[in-house]
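Below, read A as the first sequence line, B as the second, and so on, with proteins coming before strands; counting in each chain starts at 1. These figures come from a predicted structure and were not determined experimentally.
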Amino acid sequence: MSLSKRKNATQPKSKKPITKVASSQGTAPASIRSNAHLLNEYPSADWFKKFRKAILKWYESNQRRLPWRDDPIPYKVWLSEIMLQQTQVATVVDYFNRFINKFPTIIELANADEQTVLSMWEGLGYYRRARNLHAAAQKVRDDFGGIFPDDFESVLSLPGVGRYSAGAILSIAGDQKLPILEGNTYRLHARLLALHDDPRSRGSESLLWQFAEDLLPTKKCGAFNQSLMELGSEICKPKKPLCQCCPVIKNCAANQLDMADKLPIKSKRRKFVRRHDALFFIENRGQVWVRQRKQGEWWAGLWDFARFNVSEVAETAEKSPPNERLQNHLEAELGIQLKSHPKILMTINHAVTHHKIRLDCYWIKAKFPDAGKQGFKQVTRNELSELPLNVTARKLLSMIEKSC
DNA sequence: AAATCGGGGGA
DNA sequence: TCCCCAGATTT
């Protein structure tokens with residue numbers, strides 16, 4: 001099977017997914033030897049042998065008990081890996097249990113409505129993951145006979161699955177010898193190797209994928225890959241790593257150089273953009289205005305109340321005072337006549353990736369126009385509780401329900 | 001190579 | 001406040 005599209009920049013392009021470097025241990029592969037990213041020598045074969053033994057032994061008695069570890073079938077491992085993308089373990093656990101309870105099998109997930117899937121995802125963020133998960137389940141149902149595939153290329157072809165997730169799923173669920181590289185292991189490896197560069201940079205990334213592959217034992221690759229992440233999460237932490245408790249302290253170049261807390265080199269962070277939004281909870285005789293957010297918008301697929309960017313509105317009408325501008329915009333945009341001034345309910349400060357948002361939430365009473373403008377429709381508060389909402393909308397709603 | 005996509009937890 | 005989290009996808 002050939003890929004019709006590239007999944008990500010690090011994805012191997014050849015049919016054989018992972019480039020084999022014969023006996024690369026001891027002497028670094030050319031790709032590594034040719035750069036000066038390491039403060040130390042590339043590890044020897046003996047180093048790799050001792051590392052594998054020590055970390056696997058540590059993992060046997062130190063692994064956390066997690067729901068997806070009880071029964072590591074491909075479906076559960078896959079689901080856990082998608083939920084864990086850029087999301088902490090503690091956050092995922094309850095979502096995972098609820099999700100498995102609601103959709104016990106891939107087929108049941110595939111046959112579900114996307115709205116139901118999104119509802120189960122509500123609050124977890126990165127909602128594209130949920131839509132991709134649902135689409136992938138349908139692909140498994142339709143293209144793979146309902147059986148989660150067990151070859152790297154097929155797994156990689158599923159939407160939402162990149163090189164990390166494909167390797168993680170197949171190693172954890174099937175003990176396949178495939179490397180992983182993610183947040184924990186970028187940091188762990190940067191320290192083990194004393195990587196004198198940002199591990200997320202282009203050159204470092206390829207070096208670290210090679211290292212991740214060289215690390216793999218011949219068997220127990222699932223436990224081994226998990227042990228790397230577990231160690232990174234619990235011992236080799238971003239701040240104040242617990243080096244005195246580390247089972248592979250003797251393997252750590254950063255520790256030997258007394259630089260563990262100085263590495264990895266952190267990349268420059270893009271600064272936040274401030275943003276001022278206004279939300280309108282529009283109600284009339286028990287009916288509330290909502291719309292489903294479109295593809296390409298934030299929270300695509302989720303439902304939301306009327307929401308505007310105050311700065312953009314201000315640009316189009318500079319002369320009037322802020323409240324009046326917003327009100328005029330509201331009337332023009334939604335085709336409604338306000339019976340009263342919007343009443344401020346609450347202000348929510350939140351963040352969406354690199355945006356810091358102040359959200360002023362207003363309540364207004366207005367009659368729904370005959371033809372719903374801008375894709376709005378009206379629903380009862382009861383129906384509202386069933387729709388997948390973004391966190392701020394849900395927060396506002398629960399505040400309103402509480403005060404009435 | 002860089003931007004985009006949420007939300008929460010912890011210091 | 002800031003940093004980080006078992007990343008993938010698009011531009």
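Residue A:Arg293 is classed as having no contact, given no heavy-atom separation below 4.0 Å to the nucleic acid. A:Val92 comes within 4.0 angstrom of no nucleic acid atom, judged by non-hydrogen atoms across all strands. At the heavy-atom level, A:Trp121 lies nowhere under 4.0 Å from the strands shown. A:Ser165 comes within 4.0 angstrom of the backbone, heavy atoms only, and of no base.
Rounded to the nearest Å, the gap between the C1' atom of B:dC5 and that of C:dC4 is 16 Å. With P as the reference atom, B:dG8 and C:dT9 are 24 Å apart, rounded to whole Å. Using atom C1' as the reference point in both B:dG6 and C:dC3, the two lie 16 Å apart (nearest Å).
Contact annotation: A:His354 side-chain N/O to B:dA3 OP1/OP2 distance is not under 4.0 Å. At least one side-chain nitrogen or oxygen of A:Arg187 sits closer than 4.0 Å to the OP1 or OP2 atom of C:dC5.
Computed from coordinates, the A:Arg131 CZ to B:dT4 P distance equals 17 Å when rounded to whole Å. Distance CG (A:Leu66) to P (C:dA6): 11 Å, rounded to an integer number of Å. The CG-C1' distance, from A:Asp198 to B:dA1, rounds to 13 Å in whole Å. Following rounding to the nearest Å, A:Trp209 (CH2) and C:dA6 (C1') show an atom-to-atom distance of 11 Å. The interatomic distance linking A:Lys237 (NZ) with C:dC4 (P) rounds to 14 Å, in whole Å. Here the C1' atom of nucleotide C:dG7 and the CD atom of A:Glu205 are 11 Å apart, to the nearest Å. Remark: P of C:dA6 and CG of A:Leu231 are 13 Å apart, rounded to the nearest angstrom. One atom, CG of A:Asn184, and another, P of C:dC4, lie 12 Å apart when rounded to the nearest Å.
With a 6.0 Å radius and a threshold of 12 heavy atoms from other residues, nucleotides or ligands, A:Asp258 has its CG atom at or below the threshold.
Checked for salt-bridge contact, A:Glu114 and A:Arg131 miss the test: no charged N lies under 4.0 Å from a carboxylate O. Note on A:Arg381 versus A:Glu283: salt bridge recorded, some NZ/NE/NH1/NH2 to OD/OE distance being below 4.0 Å. Between A:Glu230 and A:Arg69 there is a salt bridge, with a side-chain nitrogen of the basic residue lying less than 4.0 Å from a carboxylate oxygen of the acidic one. Looking at A:Lys268 and A:Asp198, no side-chain N of the basic residue comes within less than 4.0 Å of a carboxylate O on the acidic one, giving no salt bridge.
Look at B:dG6: it lacks any Watson-Crick or wobble partner with both distances under 3.5 angstrom.
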Exercise for the section: Give the B/S/- string for nucleotides 6-11 of chain B, one per nucleotide from 5' to 3', where a protein heavy atom under 4.0 Å of the base yields B, of only the sugar-phosphate yields S, and otherwise -. Expected result: BBBS--

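Ring pair A:Phe280/A:Tyr362 is parallel by interplanar angle, where below 30° counts as parallel and above 60° as perpendicular. In this pair, A:His329 and A:Phe308 present their aromatic rings perpendicular. The plane angle is above 60°, beyond the 30 to 60° band.
Taking the six-membered ring for Trp and the full ring otherwise, the centers of A:Phe148 and A:Tyr75 sit at least 6.0 Å from each other.
Comparing A:Lys356 and A:Arg64 against DNA chain C, the residue whose closest nucleotide sits nearer the 5' end is A:Lys356.
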